[in-house]
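A short worksheet on the structure shown next.
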Amino acid sequence: MNSEQSTAPERGDFIREIVAADLREGRVKGVITRFPPEPNGYLHIGHAKAICIDFGVARDFGGRTNLRFDDTNPVKEEQEFIDGIEADVRWLGFDWGKHLYFASNYFDQLYEWAVYLINAGKAYVDDLTADEIREHRGTLTDPGRNSPYRDRSTAENLDLFERMRAGEFPDGARVLRAKIDMAAPNINLRDPVMYRILHASHPRTGDKWCIYPTYDYAHGQSDAIEGITHSLCTLEFEIHRPLYDWFIENLPVPARPHQWEFARLNITYTVLSKRVLKRLVDEHYVRGWDDPRMPTIAGLRRRGFPASGIRDFVTEVGVAKADSTVEMAMFEHVIRDVLNRKALRRFAVLSPLKVVIENYPEGQTEEMDVPNSPENPDAGTRHVEFGRELWIEREDFMEEPLPKFFRLAPGREVRLRSAYFITCKDVVKNSAGEVVELRCTYDPATRGGDSPDGRKPKATLHWLSAANAVLAEVRLYDYLFTRPDPGADGDLFADVNPASETVLQGCMLEPALAATPIGETVQFERLGYFCPDLDSSPERLVFNRTLTLKDGWAKAQARG
RNA sequence: UGGCGCGUGGCCUAAUGGUAAGGCACCUGACUCUGGAUCAGGGGAUUCUAGGUUCGAGUCCUAGCGCGCCAGCCA
């Protein structure tokens with residue numbers, strides 16, 4: 001995925017146009033981008049957009065992409081997240097080769113450069129507390145005031161900074177700040193903090209450091225060290241660019257990376273904020289970061305959404321600078337498009353209703369040939385056992401059919417897919433009046449699903465032989481939130497959809513489905529796309545519904 | 001209120017000064033052994049507003065309005 005020698009697209013999104021121009025006009029000789037996650041949680045589909053852009057742009061111009069962890073805050077970061085993020089990027093289909101880096105690799109260099117700035121009179125140690133610093137910063141409209149420690153001598157700054165590093169001071173006692181302009185209209189330029197004291201051990205550097213660089217100080221220089229030509233990120237960092245540029249211009253860095261910002265992804269009926277996702281996990285609204293309802297990469301994977309579909313979605317959405325919220329329907333459309341072409345068809349009955357074929361010989365079975373994929377004849381056919389006792393979907397029968405209901409009803413004939421036409425002769429009920437069994441007859445002349453006399457039933461049902469269907473649990477998923485704009489009028493957590501998961505027991509599957517590998521999504525005919533859950537085992541099959549099929553009947557019903 | 005950015009059908013995106021285009025969604029119809037898929041068609045935009053430059057403006061200029069982001073020792 002990263003080694004294609006391709007030519008630049010003649011016209012792409014605004015970022016690709018910039019890159020093409022930089023190449024054409026000789027500002028850069030090649031293209032190196034980077035994907036820079038902080039390992040403080042799991043990646044979500046918003047990150048997938050960034051990943052596709054970072055790796056996609058480099059690939060389109062024959063360049064390369066580094067995976068660099070921006071691990072500058074050890075109190076929030078964990079090895080678990082590093083591992084998870086690597087796995088997610090890889091699963092999405094991207095390869096950083098040997099270019100795996102960590103901002104923490106540059107801690108020594110960053111420290112040296114901090115000293116360089118102190119010597120240049122452009123950084124100072126501040127003894128103000130966090131509250132005092134905030135107070136001195138001013139507001140959006142009022143300029144800030146200089147710290148009383150702003151004009152310390154270089155010698156004193158050097159001494160204090162060295163002692164900060166040596167661990168002489170407790171957390172929060174002092175910080176190193178860039179000396180820029182406390183009256184700058186851009187608040188990021190009001191003497192931003194470069195280093196803070198954090199007596200915390202780091203997943204990578206252990207206890208070597210007790211002072212850590214801030215993201216603002218570390219990011220641009222890390223890009224410079226790696227020779228990143230185009231530092232792509234989301235819009236909220238736009239206002240920080242002048243600060244990155246200030247560091248780059250005032251430090252003897254080996255290269256001058258340029259940052260370009262694009263709008264982050266938003267999708268209706270879900271939320272793409274690490275902070276909120278973490279709360280959903282911590283407060284048990286979901287079972288974990290990889291819960292199939294989560295918009296995390298791990299959740300999407302577990303839910304059965306193919307990586308290629310996620311990539312296609314990002315392409316479909318495009319890259320621009322205007323804030324936008326994409327409808328979930330667009331995501332689902334792209335996923336269905338991929339799955340319709342790729343997914344093998346299988347039979348499964350989620351809510352089984354017994355059917356007895358009265359005129360079918362007792363004890364007889366047949367192997368029916370059923371296509372694996374009508375979209376792709378090369379996928380061949382498989383055998384599905386037919387017998388006297390069958391399961392059909394409870395919803396496929398109505399004792400008193402509504403006007404536009406085409407499926408089975410007393411006296412009506414329907415087709416069982418790739419099998420026979422059957423006609424409902426009788427309805428068996430229990431003492432509560434519930435339908436528990438249908439007595440039907442079949443037409444032996446319709447074997448395979450076609451009638452020699454040209455009869456065409458208005459409905460075709462999926463079915464399973466009661467004798468060999470296997471039992472499974474099936475989990476149905478719906479939107480995580482009840483409204484397209486969760487939290488828009490108040491508490492976001494009050495908008496969590498209480499019916500986002502429905503667990504069905506006693507579902508019947510085609511026996512072959514028991515061997516479906518994790519990671520494969522199949523279509524249960526007429527029902528939707530499903531995949532085995534991580535909880536699934538040969539002893540206890542568990543399937544997730546990835547997505548339903550588009551359902552005109554359900555839509556008409558909902559419309560009334 | 002200061003700074004930065006952004007305003008194109010319900011949603012996303014295109015146009016590179018020359019007849020506002022495409023996808024999603026929605027609505028018809030055709031076809032169909034998945035009420036799926038596919039195919040054909042349809043409705044829907046005074047390009048935020050007002051001025052200006054120009055033979056010609058979604059695009060350039062000015063002003064206004066609206067929205068987003070920034071006052072972490074988070075990223």
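Chain naming here is simple, since letters A, B, ... match the order of the sequence lines and numbering starts at 1 in each. All heavy atoms count here, side chains included; hydrogens, waters and symmetry mates do not. For clarity, every value in this text was computed on a predicted model and none was experimentally measured.
Outside the 6.0 Å centre-distance limit, the rings of Tyr106(A) and Tyr101(A) are not counted as a close aromatic pair. You'll find the ring centres of Tyr244(A) and Tyr217(A) outside the 6.0 Å limit. Aromatic rings from Phe405(A) and Trp553(A) are positioned such that their centres are separated by under 6.0 Å. Ring pair Phe305(A)/Phe313(A): centre-to-centre distance not below 6.0 Å. In this structure, Phe386(A) has its ring center closer than 6.0 angstrom to the ring center of Trp463(A).
Contacts between residues 367-375 of chain A and RNA chain B, counted as heavy-atom distances below 4.0 Å, involve Pro374(A), Glu375(A).
Nucleotide G5(B) holds its C1' atom 15 Å from the CZ atom of Phe262(A), rounded to whole Å. Computed from coordinates, the His462(A) NE2 to A37(B) P distance equals 17 Å when rounded to whole Å. Rounded to whole angstrom, the span from the CG atom of Asp142(A) across to the P atom of G3(B) amounts to 13 Å. Atoms CD (Glu393(A)) and C1' (G36(B)) sit 15 Å apart, rounded to a whole Å. In this structure, the CG atom of Leu189(A) is 12 Å from the P atom of C4(B), given to the nearest Å. Whole-Å rounding puts the Trp260(A) CH2 to C6(B) C1' distance at 16 Å. Separating the CZ atom of Arg417(A) from the P atom of G36(B) is a distance of 13 Å, rounded to the nearest angstrom. When the P atom of G36(B) is taken as reference, atom CG of Leu549(A) falls 8 Å away, rounded to whole Å.
Spacing of C1' atoms, U8(B) relative to U59(B), comes out at 11 Å, to the nearest Å. Separation of the C1' atoms belonging to A45(B) and C69(B) is 29 Å when rounded to the nearest angstrom. Nucleotides G44(B) and G23(B) place their C1' atoms 15 Å apart, quoted to the nearest Å. For the P atoms, the distance from G72(B) to G18(B) is 46 Å, rounded to whole Å. Remark: the separation of the P atoms in A57(B) and U19(B) is 12 Å, to the nearest Å. The same atom, P, is picked in A75(B) and in G66(B); the two are 34 Å apart, to the nearest Å. C27(B) and U49(B): their P atoms are spaced 29 Å apart (whole Å). On the P atoms, A21(B) is 13 Å away from G58(B), given to the nearest whole Å.
Phe347(A) comes within contact range of no nucleotide atom at all, as no heavy-atom separation falls under 4.0 Å. At the heavy-atom level, Gln523(A) lies under 4.0 Å from base atoms of the strands shown. At the heavy-atom level, Val319(A) lies under 4.0 Å from the strands shown only through sugar-phosphate atoms. Residue Asp450(A) is classed as a base contact, given a heavy-atom separation below 4.0 Å to a base. Ser418(A) comes within 4.0 angstrom of a nucleotide base, judged by non-hydrogen atoms across all strands. Contact annotation for Glu238(A): backbone-only contact, meaning every heavy-atom pair under 4.0 Å involves sugar-phosphate atoms and none involves a base.
In this structure, the side chain to side chain donor-acceptor pair (under 3.5 Å) partners of Lys321(A), at least two apart in sequence or on a different chain, are Glu238(A). By the side chain to side chain donor-acceptor pair (under 3.5 Å) test, Thr129(A) is found to be paired with Glu132(A), residues two or more places apart in sequence or in another chain being considered.
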**Asked** Would Leu198(A) and Asn73(A) satisfy side-chain contact (heavy atoms from CB on, under 4.5 Å), going step by step from the backbone distance to the final call?
**Response** CA-CA 9 Å; Leu198(A) 253 25; Asn73(A) 185 2; 3.9 Å; yes
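Using cut-offs of 30° and 60° for the angle between ring planes, the Phe81(A) and Tyr42(A) rings count as perpendicular.
Arg177(A) places a side-chain N or O within donor-acceptor distance of the main-chain N or O of Asp191(A), the cut-off being under 3.5 Å.
Taking the ring axis of Phe524(A) as reference, the NZ or CZ atom of Arg345(A) does not stay both within 45° of it and closer than 6.0 Å to the ring centre. Tyr529(A) does not carry Arg336(A) over the face of its six-membered ring by the limits of under 6.0 Å from the centre and within 45° of the normal. A cation-pi arrangement is present between Arg174(A) and Phe169(A) under the rule of less than 6.0 angstrom and at most 45 degrees off the ring axis. Relative to the ring axis of Phe102(A), Arg204(A) places its NZ or CZ within 45° and under 6.0 Å from the centre.
Annotation for Trp260(A): atom CH2 does not count as buried by contact number, only 12 or fewer foreign heavy atoms lying within 6.0 Å.
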Distances under 3.5 Å only, N/O to N/O: pair up the protein atoms with those of nucleotides 20-24 of chain B.
from, atom 1, to, atom 2, distance (Å)
G23(B), O2', Glu316(A), OE2, 2.7

Quick one: which protein N/O atoms are closer than 3.5 Å to N/O atoms of nucleotides 39-47 of chain B? Pair and distance per line, please.
none

**Prompt:** With the sugar-phosphate defined as primed atoms, P, OP1 and OP2, and the base as all remaining atoms, what B/S/- string results for nucleotides 69-75 of chain B, 5' to 3', for protein heavy atoms under 4.0 Å?
**Reply:** SBBSBSB
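Here G35(B) sits opposite no nucleotide as a Watson-Crick or G-U wobble pair (both hydrogen-bonding atom distances under 3.5 Å). Across all strands shown, C24(B) forms a Watson-Crick or G-U wobble pair with G10(B), both key distances being under 3.5 Å. Remark: U46(B) base-pairs with no nucleotide in the shown strands. Criterion, Watson-Crick or G-U wobble with two distances under 3.5 Å. With a cut-off of 3.5 Å on both pairing distances, the Watson-Crick or G-U wobble partner of G68(B) is C4(B).
Val414(A) is not listed as a side-chain neighbour of Thr460(A), based on a closest heavy-atom distance of 4.5 Å or more. At a threshold of 4.5 Å between non-hydrogen side-chain atoms, the residues Leu416(A) and Leu390(A) count as touching.
Two residues, Ala459(A) and Ala263(A), neighbour RNA chain B, and the one matched to the more 5' nucleotide by heavy-atom proximity is Ala263(A).
Of the side-chain N and O atoms in Arg336(A), none sit less than 4.0 angstrom from OP1 or OP2 of G36(B).
Glycosidic conformation, G66(B): anti, with the torsion outside 90° of 0.
Relative to the side chain of Ala320(A), the nucleotides C12(B), G5(B), A14(B) differ in distance, and A14(B) lies closest.
For Arg407(A) against G35(B), a side-chain N or O and a base N or O form a donor-acceptor pair under 3.5 Å.
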